[in-house]
Amino acid sequence: MTQQEFKIKEPRLVSRKFLARPQHEGVGAVVRRSIGRFELKYFDPFLVLDEFSVTAPAGFPDHPHRGFETVTYMLQGAVTHEDFEGHKGTIEAGDLQWMTAGRGIVHSEMPASQGTQKGLQLWINLASQNKMIEPKYQEILSKDIGEAMKDGVKVRVIAGEALGIKSPIYTRTPTMYLDFILKPGSHLQQPIPKSWNAFVYVLEGEGIFGNQKSQPISSHHILLLGSGDGLEAWNKSSKQLRFILVGGEPLGEPVVQFGPFVMNTQEEIDQTIDDFENYANGFEKARQWRSQSALSLDY
Ligand code: FJE
Ligand code: FE
C-alpha cells in the first residue's frame, strides 16, 4: 500500500503541551529547551530538543558526548563544528548534521557568521548495544534534502519517509523527522508507526493538531502525541504554519545521564568520567586537542 492510500484510523491526540522558554546554555548561547527540561526529562528515545540561538562570540566551545546522537538542523545562519579527529565543517540554513557520538566525540559548535544563527538540536538516545560504537557523521546539504508538495502541504524529509519521499539517513534508533509547511486552509495526514513515541514542535504560525476542534497552537510549543497510527493537522489561519514532526521507537532501557554522557547505569557513567579524564576508550585524541575557535577566542 502506498502512503497516499494510507488512511489514518486512529489519529493521535495531543497528550501534553509545553511552552519552551529561553534559557542560557553553552557560553552566551540561548536555547528554548522542550525535551530535557525538568518537567520533561526524557521522552524515550529523545533526551533533548533545543531551539538554539547563538550570536558571536557566543557558542558551544569544546565539550564531549557519549552514548547518543545529536541531530543539528539549521534554520537561519550557519554553525561551524570541529572535532578532535579533525572532522570540520559548516552547516548552513536548511542543512543537516546527524552525528552519532557513540563511544566518544569531543567537539565545538560555534557561529560561522555575523548575526544570529538559529537551529534545532535533538539528542537521540542509543540502545545499550550501540552506545560504544565508533562515532559517525551523516551530513546532508539543504539542496539534497528530499522535498514533496501536495494539496498545500510541503514536507522536507530529514529522516524516515513522507509523501513518497525517503531520507537516506540511517537511524540506529528507528526515527522519523519531518519538517512541514502548511499553507492556509491545508490539512495534513501523516502516518506514524503505532508503537513509536512522537511529538510536534511548532516553528512558525499557528496550527491545530490531533482534533479539529482543539485550540490553535503557536510557535515554541512542544506537543507530545498520544497513541494512534498517525497525525492530523490543520492550518485554519491566514499565515503559513511550520512545524517538525519527530517520532522514534522507544528503547525501554534505564537512562543515567551526567551532562553530555548518557549511559544505562551509574557504573557506566563513572567509567565514562574516568575515560574522559584519562583520555581512554574513545577519548584518546582529546589529550592534545583544542578547537581552532576555542584557541582564537581564548576560552
Ligand atoms: C552540551 C550544555 C550545552 N544544546 N544546541 C551542556 F549547551 C551543550 C551543547 C548544546 C548545543 C549545541 C548546539 Cl550547536 C545546539 C545545543 C546544547 O553543546 F552538549 C552540554 N553538555
Ligand atoms: Fe555538542
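Start at 1 with the first residue, then count along the sequence. Ligands are counted one by one from 1 in listed order, and the atoms in each one are counted from 1 as well.
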Worksheet item: Is the closest heavy-atom distance from His81 to ligand 1 below 4.0 Å?
Response: no
Worksheet entry | Heavy atom of the protein closest to atom 17 (C) of ligand 1 (residue, atom name, distance) | Asp50 OD2, 3.4 Å
Worksheet item: In terms of atom number and element, which parts of ligand 1 are under 4.0 angstrom from non-hydrogen atoms of Gln121?
Response: 4 (N), 5 (N), 10 (C), 11 (C), 12 (C), 13 (C), 14 (Cl), 15 (C), 16 (C)
Worksheet entry | Opening angle between NE2 in His107 and NE2 in His65, taken at the Fe ion (ligand 2), to 10 degrees | 90°
Item to complete: Output the atom name for the N/O/S atom of His63 with the smallest distance to the Fe ion (ligand 2).
Response: NE2
Practice prompt. Evaluate whether atom NZ of Lys136 has more than 12 neighbouring non-hydrogen atoms of other residues, nucleotides or ligands under 6.0 angstrom away.
Written response: yes
Worksheet item: In terms of side-chain heavy atoms, does His87 have a donor or acceptor partner in Glu82 at a distance below 3.5 Å?
Response: no
Worksheet item: Does Asp50 pair with Arg33 as a salt bridge, N-O distance under 4.0 Å?
Response: yes
Discussion item. Show the nearest heavy-atom pair for residues Phe209 and Ser214, with the distance to one decimal.
Written reply: O-OG, 3.4 Å
Item to complete: Check each atom of ligand 1 against the heavy atoms of Gly26 and keep those under 4.0 Å away; list them by number with element.
Response: 7 (F)
Practice prompt. Looking only at protein heavy atoms, identify the closest one to atom 15 (C) of ligand 1 and say how far it is in Å.
Written response: Phe52 CD2, 3.3 Å
Discussion item. So for ligand 1, is Glu25 a polar contact partner (N or O within less than 3.5 Å, distance only)?
Written reply: no
Worksheet item: What protein heavy atom sits nearest atom 18 (O) of ligand 1, and how far away is it?
Response: His63 NE2, 3.1 Å
Fill in: Donor-acceptor side-chain pairing of Gln212 and His187 below 3.5 angstrom
no
Worksheet entry | Presence of salt bridge, Glu134 and Arg103, under 4.0 angstrom | yes
Worksheet item: Can you tell me if Thr72 has a non-hydrogen atom under 4.0 Å from ligand 1?
Response: no
Practice prompt. Identify, by atom number and element, the atoms of ligand 1 in contact range of Pro260, meaning under 4.0 Å from any of its heavy atoms.
Written response: 21 (N)
Item to complete: With the Fe ion (ligand 2) as the reference point, give the N/O/S atom of Glu109 that is nearest.
Response: OE1
Item to complete: Before accepting this row, confirm whether a basic side-chain N of the pair Arg12/Glu232 lies closer than 4.0 Å to the acidic partner's carboxylate O.
Response: no
Worksheet item: So, are Asp179 and Arg242 salt-bridged, with charged N and O less than 4.0 Å apart?
Response: yes
Item to complete: Answer with side chain, backbone, both or neither: which part of Trp123 has a heavy atom less than 4.0 angstrom from an atom of ligand 1?
Response: side chain
Item to complete: Could you find the nearest protein heavy atom to atom 8 (C) of ligand 1 and give me its residue, atom name and distance?
Response: Phe60 CD2, 4.2 Å
Worksheet item: When you check the side-chain N and O atoms of Ser219 and Glu204, is any donor under 3.5 Å from an acceptor?
Response: no
Discussion item. Atom CD of residue position Gln129 - does it have more than 12 heavy atoms of other residues, nucleotides or ligands inside 6.0 Å?
Written reply: yes
Worksheet item: Which of the atoms of ligand 1 are close to His65, meaning less than 4.0 Å from one of its heavy atoms?
Response: 19 (F)
